[in-house]
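Written out below as structure tokens is the structure these notes cover.
Sequential numbering from 1 along the given sequence is applied to the chain's residues. One-based numbering, in listed order, for ligands and for the atoms of each.
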Amino acid sequence: METVVSGIRPTGNLHLGNYFGAIRSFLDMQHSHNCYFFIADWHSLTTHPHPDNIVRNVRTILAEYLACGIDPEKATIYVQSDVPEALELYLYLNMNAYLGELERTTSFKEKARQQPDNVNAGLLTYPTLMAADILLHKAVKVPVGKDQEQNMEMARKFARRFNTIYGVDFFPEPASFSLGATAVKVPGLDGSGKMGKSEGNAIYLADDPKAISKKVMKAVTDAGPQEPNSIKPEPVENLFSMLRIVSSEEVYNHFDGLYNSCAIRYGDLKKQLAEDIVSFTAPIRERILEIQADEDYLDRVVREGAERARESAVRTVAEVRRIIGFR
Ligand code: AMP
Ligand code: TRP
């Protein structure tokens, strides 16, 4: 069975973008692959979060992962910082990672611009830690969104470089994975671009129906089509993309038809969209609340996950030590 690894940073609640961009692939793969899904709490330290927030955010995201349907009996779910072997591999990979290539990554340059007073070494070596996460389990597939492509390129480069330096064929090159034709970019409803936490336009899985309705009713539109079959401007196209993601084909076709005949009323479309988002998120939200209340269950999941993840990690690191020459 092929090994799959992916992680999400615990920086807030899961939103529809995370769900349709990444989690849905996780749900799909857990039945057919050897999956490791982890909460990347070390990665979140680059922004110096308060200790109380780390604990809270890790538990929140764990409960949300589980509520989405990631099954701890099928996949190994763990917290990154519970598996210290990754740090040893991170060190080895850093010895073969060069300042120039790390400085040139777009995510580093962007972060350096966003937080000019905190351009720390963890930010610089973010791609090596991510490579360590992946290579730790010798994963061949990594379900992530398009925004992670450069980090994935680095992970492949570090794997190849290790193999070349030591003359071994040890690490496989991990490929990015998305659910093929159904992979989506979930748009924001504020006019342009994608849905994201830092974009401030996210609809969260844990939002209550009122909050969802409020966000959808606020979505940016225009004065309406001026002639039949006209091209939809981006804000309107985004509403339709969202409709395609969460509503039935009939509903989509209904509103598309109204748009094309200039008979659309955006208020009706938004009302339907809000309803459909709520029917999708309501059961997940219910499970989030249930699971969050069950501390014992959450404790057991992370404990057992850490055990299983460490088995694989210890094996890889022992092998790496031998290859490097520590005997
Ligand atoms: P983030 O929330 O940015 O840490 O991303 C966690 C995962 O969700 C990554 O695999 C992203 O590629 C994916 N993701 C986040 N936002 C979106 C979006 N709007 N559309 C599709 N995928 C997304
Ligand atoms: N960098 C990823 C993100 O921001 C999170 C991440 C960390 C990750 N380590 C990983 C994803 C390993 C996949 C595999 O979304």
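Note on residues 102-138: pairs passing ring-ring contact (aromatic ring centres under 6.0 Å, His included), not counting sequence neighbours, are Tyr36-His137, His43-Tyr126, Tyr78-His137. Residue pairs meeting the ring-ring contact (aromatic ring centres under 6.0 Å, His included) criterion with at least one partner in residues 263-285, sequence neighbours excluded, are Tyr19-Phe280, Phe20-Phe280.
In this structure, Lys270 contributes its side chain and Met217 its backbone to a donor-acceptor pair below 3.5 Å.
For the salt bridge (charged side-chain N to carboxylate O under 4.0 Å, His left out) criterion with Lys215, the lone passing option out of Asp190, Asp207, Asp208 is Asp207.
At the top of the distance list for atom 5 (C) of ligand 2, counting protein heavy atoms only, stands Gly7 O, 3.5 Å. What sits closest to atom 2 (C) of ligand 2 on the protein, heavy atoms only, is Gln148 OE1, 3.3 Å. Looking from atom 1 (N) of ligand 2 to the surrounding protein, the closest heavy atom is Tyr126 OH, 2.7 Å.
Defined by atom type and a distance below 3.5 Å, a donor-acceptor pair is missing between the side-chain atoms of Gln115 and Thr47. Residues Asn151 and Gln148 have side chains that bring a donor and an acceptor to within less than 3.5 angstrom of each other. Side chain to side chain, Asn163 and Arg160 fail the donor-acceptor criterion of an N or O pair below 3.5 Å.
Protein residues are said to neighbour a ligand when one of their heavy atoms lies under 4.0 Å from it; for ligand 1 these are Arg9, His15, Gly17, Asn18, Gly21, Ala22, Val144, Gly145, Asp147, Val184, Lys185, Val186, Lys194, Met195.
Shown in contact with Val144 at under 4.0 Å from a heavy atom are these atoms of ligand 2, numbered in order with element: 11 (C), 13 (C). Near Val142, the atoms of ligand 2 lying under 4.0 angstrom from a non-hydrogen atom of the residue are 13 (C), 14 (C).
Ionic pairing of Glu319 and Arg322 is present here: one or more N-O contacts between side-chain nitrogen and carboxylate oxygen are shorter than 4.0 angstrom.
Proximity of Asp147 to ligand 2, defined as any heavy-atom pair under 4.0 Å, is not found for any part of the residue. For Trp42, no heavy-atom contact with ligand 2 is shorter than 4.0 Å.
Selection from Ile134, Asp133, Asn151 by nearest heavy atom to atom 14 (C) of ligand 2 gives Ile134.
A cation-pi geometry, defined here as NZ or CZ lying under 6.0 Å from the six-membered ring centre and within 45° of its normal, does not hold between Lys157 and Phe162.
With sequence neighbours left out, Asp294 forms a salt bridge (charged side-chain N to carboxylate O under 4.0 Å, His left out) with no residue at all.
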